[in-house]
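Chain A is the first sequence line, chain B the second, and so forth, proteins listed ahead of strands; every chain is numbered from 1. Everything quoted here is computed from the prediction, not taken from an experiment.
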2 protein chains.
Amino acid sequence: MQNQEFEMLAEHILNRVPLNVDELNFMLSQFKLTRVKKRQFIVQPGFTANYRNFICAGAFRSYVVIDSGEDHTIQFAIEDWWITDYNSYFNAEQATMFVLALEDSTILQLSRENEDMLKLANHKYETFFRISAERAQAFHFRQLITNLTQTAEFRYESFLDKYPKIVNRVPQYALASYLGMTTEYLSKLRNKRATK
Amino acid sequence: MQNQEFEMLAEHILNRVPLNVDELNFMLSQFKLTRVKKRQFIVQPGFTANYRNFICAGAFRSYVVIDSGEDHTIQFAIEDWWITDYNSYFNAEQATMFVLALEDSTILQLSRENEDMLKLANHKYETFFRISAERAQAFHFRQLITNLTQTAEFRYESFLDKYPKIVNRVPQYALASYLGMTTEYLSKLRNKRATK
DNA sequence: CTAAAAAGTTGAACCAGATTAACTTTTTTA
DNA sequence: TAAAAAAGTTAATCTGGTTCAACTTTTTAG
């Protein structure tokens with residue numbers, strides 16, 4: 001095991017699937033450690049997202065920009081989470097999203113080719129990716145329920161509750177667009193909360 | 001190969017992963033053919049969703065009911081699609097959703113135990129479930145983008161466009177709640193479209 | 001076949017959240 | 001470290017979509 005970043009990823013993997021030392025090391029050897037400065041893009045429309053990114057330190061935001069110029073946050077990700085444009089990554093097609101570093105960050109990148117190779121090489125590696133995708137699927141259903149059933153105010157309250165570590169690391173306009181409201185309205189909600 | 005329903009599922013599976021005859025037949029043998037009458041529930045809050053359901057004929061709708069009594073459609077599913085409460089199914093916990101037959105339907109059900117067994121038994125079976133989950137993940141991201149970036153009117157237009165086969169098979173109030181609007185408002189949108 | 005229930009329609013009043021605009025605070029960069 | 005840019009705030013006004021209520025049409029069950 002080489003260093004702290006790979007230790008983090010190792011723990012993340014072993015938490016999902018039991019690998020012996022050799023299996024683990026081979027899997028880890030397919031990842032590439034990358035340091036990314038704040039405000040740097042790791043995915044951009046017009047290019048293909050060729051990597052799946054595991055965050056060791058730092059924070060990212062993925063978003064789409066619509067015709068009018070507004071952007072809409074799709075996902076936030078901090079330590080121990082993954083981020084990419086999955087439609088682009090899985091289907092090797094052009095990205096429609098930006099993925100932007102919100103802080104100086106350290107990530108471990110897995111290329112599509114290496115991922116495909118790992119999935120073929122060993123049933124257990126395949127299991128890891130299957131579990132990751134199933135958890136994402138379950139997560140998205142829960143998120144969809146929240147979005148459909150709650151008001152803007154309650155979606156903000158829920159976010160505070162579920163992701164207290166994220167709230168203070170992301171710009172407010174990005175959080176507002178993630179929650180499906182304007183930055184002005186979120187400002188009001190915050191103010192209203194603070195004064196009661 | 002026993003009949004038309006299993007043929008459908010076979011095609012669906014072979015479309016995702018190459019299996020030889022024995023592998024395919026063993027996988028198929030884990031499914032149970034069930035006929036469901038219109039208005040029958042196959043998943044209900046308070047019970048655990050023990051099956052993943054492949055639809056051979058018919059149509060289903062999953063929804064949650066909130067305190068005020070309104071329901072919110074989470075998913076529609078017709079022939080060649082899957083439906084269940086995935087949070088309940090994957091984690092063997094109580095369902096929060098209803099899954100209701102909108103028509104007399106024929107489904108092929110796979111139990112959690114059989115699915116777990118299949119995933120362990122053969123790398124290729126695992127691959128099948130991994131691909132299914134990844135596609136669902138990609139689908140949910142596209143859906144999230146639509147929901148965040150489009151107005152109610154445009155979400156309806158997009159639905160018409162993408163799922164013309166579904167529109168006329170589901171009650172309008174269910175479609176309205178799927179699209180995140182009231183049934184009255186959807187009625188107005190339809191009327192407006194019809195008259196221009 | 002018929003009565004009752006469920007689904008869909010229409011219009012008026014209303015409201016959660018958007019828009020616009022002017023301003024303050026924080027962050028960035030030269 | 002200063003000035004410019006970006007982010008956040010506040011308030012007035014506006015609107016896409018909701019709510020409520022009365023009605024018509026369709027579906028269901030006896």
> Does B:K119 make a cation-pi contact with B:F129 (under 6.0 Å, within 45 degrees of the axis)?
Replying inline: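 Yes, cation above the ring, under 6.0 Å and within 45°.
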
>> Does the structure place the NZ or CZ of A:R61 under 6.0 Å from the centre of the six-membered ring of A:Y63, at an angle of no more than 45° from the ring's axis?
In response: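 Yes; both conditions hold, so A:R61 lies above the ring face of A:Y63.
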
> For every nucleotide of nucleotides 15-21 of chain C, 5' to 3': is a protein heavy atom under 4.0 Å from its base (B), only from its sugar-phosphate (S), or from neither (-)?
Replying inline: -SBBBBB

> In terms of heavy-atom contacts, does CZ of B:F41 have more than 12 from other residues, nucleotides or ligands at under 6.0 Å?
Replying inline: yes

> Can you name the salt bridge (charged side-chain N to carboxylate O under 4.0 Å, His left out) partners of B:R52, sequence neighbours left out?
Replying inline: B:E115

From [options], pick the nucleotide closest to the side chain of [X]?
{"X": "A:R39", "options": "C:dT28, C:dT9, D:dG8", "value": "C:dT28"}
{"X": "B:K38", "options": "C:dT10, D:dG8, D:dT28", "value": "D:dT28"}
{"X": "A:P171", "options": "C:dG8, D:dT9, D:dG8", "value": "D:dG8"}

> Would you say C:dT9 has OP1 or OP2 under 4.0 Å from some side-chain N or O of B:N191?
Replying inline: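 For B:N191, the contact criterion (side-chain N or O under 4.0 Å from OP1 or OP2 of C:dT9) is not met.
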
> Quick one: is B:Q172 getting a side-chain N or O under 4.0 Å of the C:dA6 phosphate, OP1 or OP2?
Replying inline: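 So the side chain of B:Q172 is outside the cut-off, no N or O lying under 4.0 Å from OP1 or OP2 of C:dA6.
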
>> For B:I131 versus B:R16, what's the shortest heavy-atom pair and its separation?
In response: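 Looking at all heavy atoms of both residues, the shortest contact is CD1-O, 3.3 Å.
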
> Between atom CE of B:M8 and atom CG of B:N3, what is the distance when rounded to the nearest 0.5 Å?
Replying inline: 11.5 Å

